[in-house]
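Have a look at the structure below before the remarks.
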Protein chains: 2
Amino acid sequence: MHPQDLAETRNLPLFRTMLSASFDALMQSAMTQRCPAGQELIRQGARAEYLHVVVEGSVELYAEWQGRRTTMAVVQPVGTFILAACVKDLPYLMSARTLEPSRVLLIPSSDLRAIFRRDPEFAVSIVGELAAAFRSMARHAKNLKLRTSRERIAGYLLKQSALAGGADRFVLQIEKRLVASYLGMTPENLSRALKSLEGSGVELHGHAVTITDRARLAEACEADVLIDGPDSEPLSDGVSLPGPALSED
Amino acid sequence: MHPQDLAETRNLPLFRTMLSASFDALMQSAMTQRCPAGQELIRQGARAEYLHVVVEGSVELYAEWQGRRTTMAVVQPVGTFILAACVKDLPYLMSARTLEPSRVLLIPSSDLRAIFRRDPEFAVSIVGELAAAFRSMARHAKNLKLRTSRERIAGYLLKQSALAGGADRFVLQIEKRLVASYLGMTPENLSRALKSLEGSGVELHGHAVTITDRARLAEACEADVLIDGPDSEPLSDGVSLPGPALSED
DNA sequence: TAGTAGACTTGATCTTTATCAAGGTCAGGT
DNA sequence: ACCTGACCTTGATAAAGATCAAGTCTACTA
């Protein structure tokens, strides 16, 4: 494993505060895997053997049922996934595959469980990470249940803009059909709704997005931190993270 | 607080394995609240001050946005809610209100955070509880995205039957309009779909449900443990919990 | 026990979204 | 530079679900 990656991993919220001895022990049995695009990393229903950390590339988390399929999340560097299944030693609820050539760090879940019992700081980090994952999934469900597809798309565009540092011009990071699946609609529906949003403050050329009238776009989805995020840091830090202001409900 | 309730609380997965000293400390600052039906306990967007434990009655977790509203979960004794917001000291993503006269135990979230840093066993329990909450919400989202409303209803009925010990006759625990909201549809739609399920192995009289042909009903939703649960105990226990078998995908 | 409010059902209609079927566009490989 | 396969768009149609508007039932209250 490259020292660079090791340092980046160490700096993740999940690993930042743990004891060095614990971190080293974890990394001892960890391994890095290099995968081509489209490779299935985990399959829903299988038992969780490794915590996965995306070091490079990107990974889609998706769920399947009766031949239908839906994107649940896209994980980008440096992010972790399937922590919940690992700590409970239960079957994955989602499958994962690479969207592009990627490198993934695999940490045996048995080691993970052993070490978080010994290192309280690590346990605290895991609690934080799990709580964040829960809140992210709760937002996803709220988005699906409370908004129309057009509203979800507008919200998605604003969120992507925020992730791009609040820029008015940015490029969609993932294919539109994946965006559609993530937002719970068909690609055709996404395509039409995107077109209808042109004229509500957005322009699209291929994957390039330009927000021409942020207020109009925000109006189309009534942005709300309790759905769109972000989770700012706890107030105890004294400040919240910089980021675009989202009106409270 | 009644000794009976204290014992029940102590026996929750969340509190069962923690040190007695820690438990006592937590309970020291905890208080029991008695509420009439329909009382709002927490409001989305507010900061998490207390972890809530439903000791008696039942509580609806719901989300609101732009005048729309959806039920996210119903918590019954003895269950906890909004743990994620408490441990991260962040605003609630959901509101909560009692569905009937209830008693709720309130545990200051600052104490919670302090004690789980000192008591590793408690931290382990919190991790388990959060992971379970995440998986439950992930299932909720999968259910919404992968199934039609008719399929979700069939799945709901089978799940309720399982919760009633696998009985073929049981009574719906919550109002149908709440079931509809939880399943992401209108009451009208639920009503019609329920009727269409009569003839697929179910009979309904008011809130009384009778499953006349379990196989037919299972066919209507293709039950799947990765959506419908339950999360069985980890294999390390050597056995899984008794319960109706759900076919794997 | 009668009245009443809320829940539930039913029907008619409309909107949203999915499905099916072609085209068109773009990028990567030969 | 062309071919090829994918993604994306567009149009026509169909299905699923929402909305609106009465009614009916039911359970609680007076």
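Note on naming: letters A, B, ... go to the chains in the order of the sequence lines (proteins, then strands), and numbering restarts at 1 for each one. None of these values were measured; they are calculated from a predicted model.
Using modelled atom types, one side-chain atom of B:K176 and one backbone atom of B:G206 make a donor-acceptor pair closer than 3.5 Å. At least one donor-acceptor pair closer than 3.5 Å links the side chain of A:R139 to the backbone N or O of A:V225. With hydrogens and angles disregarded, no donor-acceptor distance shorter than 3.5 Å links the side chain of A:W65 to the backbone of B:L226. Side chain of A:R214 to backbone of A:L158: no donor-acceptor contact under 3.5 angstrom is found. Between the B:S161 side chain and the B:D168 main chain, no donor and acceptor come within less than 3.5 Å of each other. The backbone N or O of A:T71 lies less than 3.5 Å from a partner atom in the side chain of A:S181, making a donor-acceptor pair. A:E40 contributes no side-chain N or O that, together with a main-chain N or O of A:G38, makes up a donor-acceptor pair within less than 3.5 Å. A:T98 places no side-chain N or O within donor-acceptor distance of the main-chain N or O of A:V59, the cut-off being under 3.5 Å.
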Are any protein N/O atoms closer than 3.5 Å to N/O atoms in nucleotides 24-27 of chain C? If there are, list each pair with its distance.
none

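For A:R68, the CZ atom counts as densely surrounded, since its 6.0 Å shell holds more than 12 non-hydrogen atoms of other residues, nucleotides or ligands.
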Walk me through it: do A:R169 and A:T210 pass the test side chain to side chain donor-acceptor pair (under 3.5 Å)? CA-CA 4 Å; A:R169 305 204 59 187; A:T210 309; 3.3 Å; yes
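Contacts of B:T186 with the nucleic acid, taken as non-hydrogen atoms under 4.0 Å apart, include base atoms. Within 4.0 Å (heavy atoms only), A:H207 reaches sugar-phosphate atoms of the nucleic acid but no base atom.
Think of the region where chain B sits on DNA chain D: with heavy atoms and a 4.0 Å cut, that region ends 5' and 3' at D:dG17 to D:dC20.
Atoms CD and CG, from B:E56 and B:D5 in turn, are 7.5 Å apart once rounded to the nearest 0.5 Å.
Taking the six-membered ring where the residue is Trp, B:Y92 and B:H52 present perpendicular rings, their angle passing 60° and hence far from 30°.
By the 4.5 Å heavy-atom criterion applied to side chains, A:F81 and A:I42 are counted as neighbours.
In this structure, the helix from C:dT1-D:dA30 to C:dT30-D:dA1 shows an angle of 40° between the axis at its start and the axis at its end, each fitted on 5 base pairs and rounded to 10°.
The stretch residues 188-198 of chain A participates, sequence neighbours left out, in these side chain to side chain donor-acceptor pair (under 3.5 Å) pairs: A:R150-A:S196.
Between the CZ atom of A:R68 and the C1' atom of C:dT19 there is a distance of 13 Å, given to the nearest Å.
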Across nucleotides 9-15 of chain C, 5' to 3', mark each nucleotide with B, S or - according to how protein heavy atoms within less than 4.0 Å reach it. SBBB---
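Contact record, A:R152 with A:N143: CD-O, 3.5 Å, taken as the closest heavy-atom pair.
Within residues 138-146 of chain A, no residue places a heavy atom under 4.0 Å from DNA chain D.
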